[in-house]
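Just so it is clear: chains get the letters A, B, ... in the order the sequence lines come, proteins before strands, and each one is counted from 1.
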Amino acid sequence: MSVLVWLHGGSLSPTDPALLANPNAPAIFVFDKPFLERTRISFGRLQFIFESVLECVEAREHRLCVGIQSEEIIAFARSRNCTQIHVTFVASPELDRTIDALEEAGFKVVLHHLERLTSYSGQVKRFSAFWKRVETEVWKP
Amino acid sequence: MELQTQFSSREDMTTYLALQLEGLYSTEAIPNEIRGGRRAALEQLEKFKAVGYGKRNFVASHTSRLSAYLRHGVLSMAEVAAHVRKNANGREKIEFLKQLAWREFFLLVLEQEGIGVLENLEAPKYATKWQNDLPEDILEARTGLPCVDTWVEKLIETGYMHNHERLWFAAYVTHWRMTDWKAGYDFFREHLLDGDIASNALSWQWVASTFSSKPYFMNQQNIQKFSSDAYCSSCRAVCPFRKSYPDLERSLFGQDYGWSS
Ligand SMILES: Cc1cc2nc3c(=O)[nH]c(=O)nc-3n(C[C@H](O)[C@H](O)[C@H](O)COP(=O)(O)OP(=O)(O)OC[C@H]3O[C@@H](n4cnc5c(N)ncnc54)[C@H](O)[C@@H]3O)c2cc1C
């Protein structure tokens, strides 16, 4: 089994959990053309993302590109004989769509998680009630 | 199309990226003041000791400016919290950790509600008919209100806006200009380096009253105080904010929520 790490706009640290779990795996980042064509985004945002990606891939094999996100990931994974794609999860419709496309193409997608601030996992409605539940843990974990 | 990753300078990188991504961004290709990347993030984190954070509601105060790094996973909330627990004290430490917890809260709401956060989570708490699009004069920073126009200009120039200015701007757009918060959300997503789904959509909903028990609004005195009188003394515009809270409540919402100055 060989792994490809997929980086996206919510996972741009060299200490990203998916990268750390796979120190020797190649990594890919795609500026998703269809998304950028239908969404107004400033140049500054794209530059911030690009600068962050550059540091993530300094010491490993990588592909940074512009294209259709799922297609680019699939093509790069196949070219490197990767069967698993590791990614750090963030709640986002674009991420969900790409994960679906990767699974449909036969890849196993393994999700990693960013370290959170609290261990709270109940329902949430208003901040004040949430804060009462978590404040002790936030001050002294 | 593959992108190169070696550059002789930041300027060189900016020129290259502007060309490769042509047609995929909405603004001029001007480099950011806030740099991306883990090294810049750690430098910013190291400098921040939450000194004066108790005055964070003043626009001139020193907040951390870590939001873009947190948004893009360049820093984790856990490591920022650990740094502040170690390096800050007393009320400042507590205030900061509480603000950070807002981010966690909004992310949990997003996980719970999914993409539903992009629609009204609750009915607005006042009778309103919001228009869909952000008025042109706001987008172009020519409302004639020096405060509002400056917030917009600074946002477009720097990719950042102080939290209190975000609140004021969102209230102006939603309540005074009767515009759907989703248009404001889109505008912030376009320009804020920290623009995300959870904090952005849910803060707009909090102001609009579709994720809170009453609408958020401010008056001129509040802007004057917390902007350290950046605009008001020299302002010659007819100020829509220059009223008491009870008067504004009546004129904007037709009811009394009991907000006080
Ligand atoms: C209408 C509106 C839209 C907003 N959109 C976004 C957005 O798209 N992305 C975003 O990260 N924040 C958003 N915020 C929240 C807040 O304004 C910014 O996080 C904060 O101004 C960032 O500056 P800072 O890093 O100096 O904050 P600091 O005061 O130093 O706070 C430290 C960190 O805690 C978090 N935080 C602080 N205050 C809040 C808050 N009220 N809500 C959520 N998280 C908070 C941020 O991650 C921030 O970096 C929005 C607020 C409003 C009113």
Side-chain angles (χ1 to χ4, degrees), chain A residues 7-17 29 31 33 35-37 39-58 62-67 88 90-93 96 114-118 120-127 130-131 134-135 138-141, chain B residues 1-3 5 13-14 17-18 20-21 23-32 34-41 68 71-79 81 85 94 97-98 100-105 107-112 114-115 156 159 186 189-193 195-198 212:
Chain A
L7 298 170
H8 53 76
S11 71
L12 297 181
S13 169
T15 61
D16 172 69
F29 175 87
F31 280 111
K33 210 168 168 206
F35 174 75
L36 292 174
E37 277 168 348
T39 316
R40 289 179 65 87
I41 298 287
S42 70
F43 177 78
R45 295 207 65 183
L46 301 181
Q47 187 193 34
F48 183 91
I49 290 171
F50 189 60
E51 282 181 310
S52 301
V53 181
L54 289 179
E55 275 186 47
C56 292
V57 298
E58 265 170 11
H62 59 262
R63 179 173 163 82
L64 268 51
C65 57
V66 186
T88 296
V90 296
S92 130
D96 290 347
L114 282 169
E115 246 186 311
R116 284 192 25 207
L117 183 63
T118 74
Y120 186 80
S121 62
Q123 286 285 106
V124 274
K125 171 106 173 119
R126 293 284 189 248
F127 179 79
F130 166 72
W131 180 240
V134 300
E135 65 181 314
V138 171
W139 290 335
K140 270 200 190 125
Chain B
M1 181 200 16
E2 176 139 26
L3 295 170
T5 54
M13 184 264 277
T14 306
L17 195 66
Q20 300 305 312
L21 298 181
L24 299 179
Y25 50 87
S26 61
T27 58
E28 276 181 68
I30 296 167
N32 290 313
I34 305 176
R35 282 176 184 246
R38 176 84 176 165
R39 281 189 279 272
R71 150 68 177 94
H72 290 290
V74 185
L75 295 173
S76 75
M77 277 191 281
E79 70 182 320
R85 283 188 204 106
I94 290 168
L97 292 171
K98 187 169 181 182
L100 198 60
W102 272 99
R103 176 171 173 76
E104 172 101 337
F105 171 71
L107 285 171
L108 287 168
V109 177
L110 174 60
E111 275 182 31
Q112 179 179 296
I115 214 56
I156 293 173
D186 283 341
R189 180 184 55 188
E190 178 178 358
H191 294 287
L192 282 174
L193 296 185
D196 67 359
I197 299 179
S212 58

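When each of A/D96, A/T88, A/L46, A/V53 is scored by its heavy-atom pairs under 4.5 Å with chain B, the top score falls to A/L46. Residue with the most contacts toward chain B among A/V90, A/L54, A/D16: A/L54 (heavy-atom pairs, distance under 4.5 Å). Here A/G9 is the residue among A/G9, A/S11, A/G67, A/A91 with the most heavy-atom pairs under 4.5 Å with chain B. Chosen from B/G159, B/S76, B/A29, the residue pairing most often with chain A at heavy-atom distances under 4.5 Å is B/A29. The choice from A/K140, A/E135, A/K125 that makes the most heavy-atom pairs within less than 4.5 Å of chain B is A/K125. With chain B as partner, the option from A/V134, A/V57, A/T15 having the largest number of non-hydrogen pairs under 4.5 angstrom is A/T15.
Between A/F130 and B/F105, the ring planes are tilted. Angles from 30° to 60° get that label. Between A/F48 and B/H72, the two ring planes are tilted [angle within 30° to 60°].
In this structure, A/S52 and B/G37 approach most closely via the heavy-atom pair OG-N, 2.9 Å. For the pair B/S212 and A/R126, the tightest heavy-atom approach, listed with the atom from each and the gap, is C-NH2, 3.5 Å. Nearest approach of B/A101 to A/W131, heavy atoms of both residues: CB-CZ3, 3.5 Å.
Between the CZ atom of B/R35 and the CD atom of A/E51 there is a distance of 6.5 Å, given to the nearest 0.5 Å. From A/R40, atom CZ reaches atom NE2 of B/H191 across 6.5 Å, with rounding to the nearest 0.5 Å. The structure places CZ of A/F50 at 7.0 Å from OG1 of B/T5, a figure rounded to the nearest 0.5 Å. The distance from the CG atom of B/D186 to the OG1 atom of A/T39 is 8.5 Å, given to the nearest 0.5 Å. Distance check, rounded to the nearest 0.5 Å: CD of A/E55 to CZ of B/R39 gives 4.0 Å. Note that the CG atom of B/L24 and the CZ atom of A/F31 stand 9.5 Å from one another [nearest 0.5 Å].
With salt bridges taken as basic N to acidic carboxylate O contacts below 4.0 Å, one links B/E2 and A/R63. Between B/R38 and A/E58 no salt bridge is recorded (no basic side-chain N to carboxylate O distance below 4.0 Å).
Residues B/I94 and A/W139 meet the side-chain proximity criterion, which asks for heavy atoms closer than 4.5 Å. The closest side-chain heavy-atom distance from A/Q47 to B/M13 is below 4.5 Å. By the 4.5 Å heavy-atom criterion applied to side chains, B/I197 and A/P93 are counted as neighbours.
Using a 4.5 Å cut-off between heavy atoms, B/L17 contacts chain A through both its backbone and its side chain. Residue contact with chain A, scored on non-hydrogen atoms closer than 4.5 Å, involves the backbone and the side chain of B/A18 alike. Contacts between B/I30 and chain A at a heavy-atom distance below 4.5 Å involve the backbone alone (N, CA, C, O). In this structure, the portion of B/L192 lying under 4.5 Å from any heavy atom of chain A is its backbone and not its side chain. The contact between A/Y120 and chain B is made by backbone and side chain atoms together, counting heavy-atom distances below 4.5 Å. The contact between B/I34 and chain A is made by backbone and side chain atoms together, counting heavy-atom distances below 4.5 Å. Contacts of A/H8 with chain B are absent, with no heavy-atom separation under 4.5 Å from either backbone or side chain.
Results of the side chain to side chain contact (heavy atoms under 4.5 Å, CB included) test with B/M77 over A/L114, A/L117, A/V138 single out A/L117 as the only residue that passes.
In this structure, B/Q112 contributes its side chain and A/Q123 its backbone to no donor-acceptor pair below 3.5 Å. Side chain of B/R189 to main chain of A/I41: no donor-acceptor pair is present (N/O by atom type, distance under 3.5 Å, no hydrogens or angles). A donor-acceptor contact shorter than 3.5 Å is absent between the side chain of A/S13 and the backbone of B/L75. Put simply, the side chain of B/T27 gets close to the backbone of A/F43: a donor and an acceptor are under 3.5 Å apart.
Counting only N and O atoms by type, the side chains of A/T118 and B/E104 include a donor and acceptor under 3.5 Å apart.
Few gaps surround CD on A/E37; more than 12 heavy atoms of other groups in view lie less than 6.0 Å from it.
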